[in-house]
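Let me begin by presenting the structure, written as C-alpha cells, before commenting on it.
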Amino acid sequence: MSTVSTVVGGISFWYAQEGTPAPREPLPGDTSVDVCIVGGGYTGLWTAYYLKKAVPFLNITVLEAKFCGYGASGRNGGWLYNGIAGRDRYAKLHGHDAAVRLQKAMNETVGEVVRTAAEEKIDADIHRGGVLEVAHTPSQLARLKDFHSVEIAFGETDRVLRGARETAERVHVTGAVGSTWTPHGARLHPAKLVKGLADVVEALGVTIHESTPVTEIKPKHAVTPYGTVRAPYILRCTEGFTASLKGQKRTWLPMNSSMIVTEPLPERIWDTIGWEGRETLGDMAHAYFYAQRTADDRIALGGRGYPYRFGSATDNDGRTRPETVAALRDLMVRLLPTTAGVHVDHAWSGVLGVPRDWCATVTLDRSTGLGWAGGYVGSGVATANLAARTLRDLIQQDSGQAGPTDLTALPWVNHKVRRWEPEPFRWLGVHGMYAAYRAADRRESASPRPGTDPVARVADRIAGRH
C-alpha cells in the first residue's frame with residue numbers, strides 16, 4: 001500500500017482535525033506554589049482539577065514540556081473503559097476482595113468522566129456504547145471465555161457473553177466466533193477531552209506553563225531551563241515520557257503504539273459492517289488491536305507496530321514507519337473486508353508507560369512530598385481520572401485536611417515496582433516478547449486446537465505480566 005497521500009505523524013489525527021491549542025506562556029522564572037504538577041496530560045490535568053475543586057485556595061502550577069495533551073492523552077485510541085493494569089497481581093498481593101474494590105472503582109470511573117465532561121461542558125464526542133472484545137480462533141475463544149468468567153468473578157455481573165451470530169449482529173468482524181461485552185466503556189475524541197479539560201482547569205485558577213520541560217524532580221523542587229518551582233508537593237504525571245527525567249531512565253518503559261484512521265466511510269460500507277452501537281472494539285490476540293467508530297464515521301484502529309526504541313527514546317511528533325501503517329491497514333481489511341478500497345487519511349504513534357510488573361500505581365511519599373501516578377500500560381484514559389482523585393485524597397490526608405478514604409485504601413496505592421533492565425537487555429527483551437506474541441498468534445490461527453500457544457505463556461512470564 002502506498003502511503004504517499006496518507007498524513008504520517010503531525011502528533012495525531014485528533015489534532016489534525018481539532019487543531020493544536022494556542023500556546024501558553026512558559027515558566028517566567030523561579031517561583032513557589034502549594035502543589036507543582038509535572039505533565040499536562042490526563043493525569044496532571046485531572047489532578048489539578050480535583051485538587052482545586054476540593055481546596056479552592058490552593059496555588060497549583062502545571063508544567064508541560066510541549067503543550068497539554070502532546071503525549072498519549074492526545075494520541076490514544078479514545079477508549080474510556082474500565083480496564084486497569086495489574087489487577088490480577090494486586091489480587092495475589094492483597095487478596096481478591098481488595099482487587100474487587102479496585103475494579104469497582106474503575107467501573108465507576110467511566111461514569112465519573114462522562115458526568116464531569118457533561119457538567120463542565122466539554123464536548124469530546126463521548127458515546128457510551130460499551131466495549132466489545134471478539135475472538136477469531138479456537139484459542140482466542142477459550143481465552144475470551146476464561147476472561148469473561150474472571151471479569152464476572154471481579155464483580156462485573158452486567159458483562160455479556162455472545163456467540164458468533166450475536167457478535168455479527170453487533171459488528172460484522174470476519175471470522176469472529178464469539179465476543180464479550182461490558183457496558184463500562186465509551187468512545188471519545190482524545191484531543192477534545194484534553195483541550196477542554198485544560199481550559200476548565202485554567203478557568204478554575206490553576207496556572208499552566210507550556211513549553212517548559214522539567215529536567216529533574218527532587219523533594220520540593222521541579223527544575224526547568226527557565227527556573228525552579230518549589231512546592232511542598234511535587235507530582236510526577238509524565239507517563240510514557242518519564243524516562244526523560246534525570247534518574248528515571250529505567251522507571252517506566254515507553255512502549256510504542258501506532259494508529260491509523262480512515263476517511264469517513266459511506267453508508268453502504270457501514271451497512272456491511274454494522275457497528276451501530278459504536279462500541280469500542282478489540283480482540284483476544286496476544287498482539288491485540290483496538291478500534292473505534294468515530295463521531296464522523298471513520299474507523300480509527302491501533303496496534304503495537306514497532307514496540308520500543310532503544311534507550312527508552314520517544315518518537316518525533318508521532319512519526320510512524322511505513323511498514324507499520326501497511327500492517328495496520330492490512331489488519332483492518334482482514335477484519336472488515338469491505339474497507340479494502342477505503343483511504344487511510346492519517347497515521348501516527350505515541351508512547352505509553354509500562355512498569356516492570358505491568359501494574360499501574362499511585363504513590364505519595366509522605367517523607368518527601370513527592371508523588372506520582374501512571375504505568376497505565378495503555379488503559380490510561382479512564383485510569384488517569386481514578387489516579388487523579390486518589391492523589392487528591394492522599395494529599396488532603398497528608399496535609400491534615402481529611403482522613404483516609406476508600407480511594408487511599410485501594411491496593412495500587414504506594415505499590416513498589418523494580419526498575420527495568422539496562423540496555424541492550426531492555427531492547428532485546430521487548431522486541432523478543434512481541435516477536436513471540438506475533439508468532440503465537442500465527443500458530444493459533446493455523447491450529448484447530450483451543451489452547452494458548454506455549455510460547456506466549458513463556459513470554460508472559462518473562463515479561464512479568466503474569
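Under the 3.5 Å distance criterion, the side-chain polar atoms of Trp79 are left unmatched by any main-chain donor or acceptor of Ala382. Side-chain atoms of Lys104 never come within 3.5 Å of backbone atoms of Gly155 as a donor-acceptor pair (strictly under, hydrogens ignored). Using modelled atom types, one side-chain atom of Thr320 and one backbone atom of Ser349 make a donor-acceptor pair closer than 3.5 Å. Panel note: side chain Ser399, backbone Gln396; a donor-acceptor pair is recorded below 3.5 Å. When atom types are taken as modelled, the side chain of Trp420 and the backbone of Val354 share a donor-acceptor pair closer than 3.5 angstrom. No donor-acceptor distance shorter than 3.5 angstrom exists from the side chain of Ser258 to the backbone of Asn256, with no hydrogens or angles considered. In terms of modelled atom types and a separation under 3.5 Å, the side chain of Ser12 and the main chain of Gly74 share a donor-acceptor contact. Counting only distance, with no hydrogens or angles, the side chain of Trp270 and the backbone of Gly274 share no donor-acceptor pair below 3.5 Å. A donor-acceptor pair is defined here as one N or O able to donate and one able to accept, closer than 3.5 Å; no such pair exists between the side chain of Glu64 and the backbone of Ile208. A donor-acceptor pair is defined here as one N or O able to donate and one able to accept, closer than 3.5 Å; such a pair exists between the side chain of Ser73 and the backbone of Tyr42.
Applying side chain to side chain donor-acceptor pair (under 3.5 Å) to Glu156 and the options Asn107, Asn82, Thr180 leaves one that passes, Asn82. For the salt bridge (Lys or Arg N to Asp or Glu O under 4.0 Å) criterion with Glu279, the lone passing option out of Arg170, Arg293, Arg162 is Arg170. Considering Arg250, Arg356, Arg426 as possible partners of Glu421, the one that fulfils the salt bridge (Lys or Arg N to Asp or Glu O under 4.0 Å) test is Arg356. Tested against Asp125 for a side chain to side chain donor-acceptor pair (under 3.5 Å), the candidates Lys192, Arg278, Arg187 yield a single pass: Lys192.
Side-chain polar atoms of Tyr50 and Asn385 form a donor-acceptor pair below 3.5 angstrom. No side-chain donor-acceptor contact under 3.5 Å links Thr280 and Tyr81. Residues Glu120 and Thr116 have side chains that never bring a donor and an acceptor to within less than 3.5 angstrom of each other. Judged purely by distance below 3.5 Å, without hydrogens or angles, the side chains of Asp398 and Tyr233 pair a donor atom with an acceptor atom.
Checked against the 6.0 Å centroid criterion, the rings of Tyr15 and Phe67 qualify as a close aromatic pair.
By the 30° and 60° cut-offs, the orientation of the rings of Phe154 relative to His96 is tilted.
Within 6.0 Å of atom CD in Glu276, 12 or fewer heavy atoms from other residues, nucleotides or ligands are found, so the atom counts as exposed in its surroundings. Enclosure of atom CG in Asp406 is not indicated, since only 12 or fewer non-hydrogen atoms of other residues, nucleotides or ligands lie within 6.0 angstrom. With a 6.0 Å radius and a threshold of 12 heavy atoms from other residues, nucleotides or ligands, His94 has its NE2 atom above the threshold.
For the pair Trp14 and Val194, the minimum side-chain heavy-atom distance is 4.5 Å or more.
When every heavy atom of Thr137 is checked against every heavy atom of Val177, the shortest pair comes out as O-CG2, 4.0 Å.
Atom OH of residue Tyr288 and atom CG of residue Leu331 lie 13.5 Å apart, to the nearest 0.5 angstrom. In this structure, Ile299 CD1 and Ile273 CD1 are separated by 4.0 Å, a value rounded to the nearest 0.5 Å.
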**OP:** Please report the C-alpha distance between Trp181 and Glu133 in whole Å, then the side-chain angles of each, then the deciding distance to 0.1 Å, and finally whether the side chain to side chain contact (heavy atoms under 4.5 Å, CB included) criterion is met.
**Re:** CA-CA 6 Å; Trp181 176 84; Glu133 292 170 279; over 6 Å; no
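A salt bridge does not link Arg115 with Glu108: every distance from a Lys NZ or Arg NE/NH1/NH2 to an Asp or Glu carboxylate oxygen is 4.0 Å or more.
Geometric assessment of Arg75 against the ring of Tyr70 yields a positive cation-pi assignment under the 6.0 Å and 45° thresholds.
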